[in-house]
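Below is one structure, written out as structure tokens; comments come after it.
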There are 2 protein chains.
Amino acid sequence: MTATGPEFTPRQNEVLASALRLVVEGGEKALTTAAVARAANCSKESLYRWFGDRDGLLAAIVAHQASKVRVPHENDYQLSASAFRERLVTFAEDLLTVLAGDTSLALNRLAIGQASREGSPLGRLLLERGRLRIATRARVLLEAGAAQGHIAAVDATEAYRTLYGLIVRDAHGRWLLGQEPEGTEADFAARANLSVDQFLTLFPPDAQDTGHPAG
Amino acid sequence: MTATGPEFTPRQNEVLASALRLVVEGGEKALTTAAVARAANCSKESLYRWFGDRDGLLAAIVAHQASKVRVPHENDYQLSASAFRERLVTFAEDLLTVLAGDTSLALNRLAIGQASREGSPLGRLLLERGRLRIATRARVLLEAGAAQGHIAAVDATEAYRTLYGLIVRDAHGRWLLGQEPEGTEADFAARANLSVDQFLTLFPPDAQDTGHPAG
DNA sequence: AACAAATAGTACCGTACGGTACGGTTCGGC
DNA sequence: GCCGAACCGTACCGTACGGTACTATTTGTT
């Protein structure tokens, strides 16, 4: 059951924050138990007592940070078309900002680098506690928009994935591979606006009940 | 200058193929010099003579495999609208098939896992010899299509990135994180068709010269 | 046949790192 | 003030791995 989060003591959170900094700055290679102990002013013995082993520490880092993914739970109903569009644009900007951030990139690289192992628990953690939450938030918004006739009423997951593709395209992949996110905030805003325009073009509100917006 | 590829001897290619198998099956952790030497029936000394050090071996693996990215250089002109669309669908299917493949995923994971290092040569290698080639091929196709009036004549790079986003969405990210590509060939074909439909909706041929297809 | 170059196989070295043990210190409970 | 738990800091251990050295064997050349 995992009880939705044993969480950690404040001290342990401090240590995890230090460990996260190491990962962000130097990648997985920099995350040795000795380095964490030194950076966090704690003993290796404590690390092992708290997190079991190195893998447990990695998992704790990801879980700790992913738990900070707080999606704003706003009321999406009774939105005008323009307000709905504004919500989508904000979502797009937030998504780009998060994905281009040091922390997100570092944790994704960490989890992806370990994903060859069977089970790939880090990847699952990131998928379930990071991406899934964001996707859920967006789906709620999209379903509300559909209910109010702002967009075509189709499968929210399909619609969300299309929206994601239009917003992110291949940028995340390029960033993960080391290409600098040259995007300024203004660029992100422009990208967000354009992708939402495109999304609304593909899912126009007038479609009566056809499941395929572009068929 | 790098002379577009010093390439390797047949024997060295054999060794690189063995090394690639190790990476695909066990990730970077499985790629120890001893394991490569054992798997390829060669000596560690030869490995170091040929590839310099472990990083050189990694780079050689990526370069070797990336050099196999052979984009079909077809004649894209004098295509009917339906033939042009068919080309796009084929491209989409090929892209999904490649990205979902074991080898691509393993090499991307490898390069991404190392991308924290400054310079991230593996990432650059993959970007320049893999993604860039594919993008170039697609851009040529798109420019031809635009020249023949099959799609709106806009910046080919922008159009390609949108096409990529519509085809791949967040699937690549999920796969990289360890989620199984549940897609069968039929699923890929359906996805390819739908994404091309969406793309053609966003870049309709009738637009005279507006740079913004959805603005 | 003689020789040189390349290579397989193995043994070896140094180090870095995961994990453990231990002494000294702080801190809360009684 | 006393005790035990938790914890820091450090020292320590075993191993795995990157990289090197050496020998035996093959291969190609003259």
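Note on naming: letters A, B, ... go to the chains in the order of the sequence lines (proteins, then strands), and numbering restarts at 1 for each one.
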Hey, what are the protein-to-nucleotides 25-29 of chain C N/O distances that come in under 3.5 Å?
none

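- Atom CZ of A:Arg21 sits about 12.0 Å away from atom CG of A:Asp102, to the nearest 0.5 Å.
- Residue B:Asp53 contributes atom CG, which lies 14 Å from atom C1' of D:dC17 at whole-angstrom precision.
- Straight-line distance from the NZ atom of B:Lys44 to the C1' atom of C:dA11: 10 Å, rounded to whole Å.
- For A:Glu45, the listed nucleotide lying nearest its side chain is C:dA21; candidates were C:dG9, C:dT7, C:dA21.
- Proximity of B:Asn108 to B:Leu105: side-chain heavy atoms (C-beta onward) are nowhere separated by under 4.5 Å.
- Rounded to whole Å, atom C1' of D:dA16 lies 15 Å from atom CD of B:Glu28.
- Residues A:Leu31 and A:Leu57 have side chains in contact (heavy-atom distance under 4.5 Å, counting atoms from C-beta outward).
- Atom NZ of A:Lys29 is separated from atom C1' of D:dG18 by 11 Å (rounded to the nearest Å).
- For the pair A:Leu58 CG and C:dG19 P, the interatomic distance rounds to 10 Å; values are reported in whole Å.
- At least one side-chain nitrogen or oxygen of A:Arg11 sits closer than 4.0 Å to the OP1 or OP2 atom of D:dC8.
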May I have the step-by-step check of salt bridge (charged side-chain N to carboxylate O under 4.0 Å, His left out) for B:Glu128 and B:Arg133, ending in yes or no?
CA-CA 7 Å; B:Glu128 293 171 5; B:Arg133 285 192 190 185; over 6 Å; no

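- Remark: A:Thr33 is in phosphate contact with C:dG18, judged by side-chain N or O atoms under 4.0 Å from OP1 or OP2.
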Using a 3.5 Å cut-off and no angle test, enumerate the donor-acceptor pairs between side-chain atoms of residues 163-170 of chain A and protein atoms at least two apart in sequence or in another chain.
{"unit_1": "A:Tyr164", "atom_1": "OH", "unit_2": "A:Arg131", "atom_2": "NH2", "d": "3.4"}
{"unit_1": "A:Arg169", "atom_1": "NH2", "unit_2": "B:Glu158", "atom_2": "OE1", "d": "2.8"}
{"unit_1": "A:Arg169", "atom_1": "NH2", "unit_2": "B:Thr162", "atom_2": "OG1", "d": "3.4"}
{"unit_1": "A:Asp170", "atom_1": "OD1", "unit_2": "A:Arg174", "atom_2": "NH1", "d": "2.7"}
{"unit_1": "A:Asp170", "atom_1": "OD2", "unit_2": "A:Arg174", "atom_2": "NH1", "d": "3.2"}

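- For D:dC7, the OP1/OP2 oxygens have a side-chain nitrogen or oxygen of A:Trp50 closer than 4.0 Å.
- Both B:Gln12 and A:Gly52 sit near DNA chain C, but only B:Gln12 has its closest nucleotide nearer the 5' end.
- Nucleotide C:dC17 holds its P atom 15 Å from the CG atom of A:Leu57, rounded to whole Å.
- Distance, B:Asn41 CG to C:dA6 C1': 16 Å, rounded to whole Å.
- Contact between the side-chain N/O atoms of B:Arg49 and the OP1/OP2 oxygens of C:dT7 is found at a separation under 4.0 Å.
- B:Arg11 has its side chain within reach of B:Cys42: a pair of non-hydrogen atoms, C-beta onward, lies under 4.5 Å apart.
- Take the nearest nucleotide of DNA chain C for A:Ser43 and for A:Leu31: the residue whose nucleotide is more 5' is A:Leu31.
- Between the side chain of B:Arg139 and the backbone N or O of B:Tyr160, no donor-acceptor pair lies under 3.5 Å.
- Closest to the side chain of A:Tyr48, out of C:dG19, D:dG19, C:dC17, is C:dG19.
- Rounded to whole Å, atom C1' of C:dG19 lies 11 Å from atom CG of A:Leu47.
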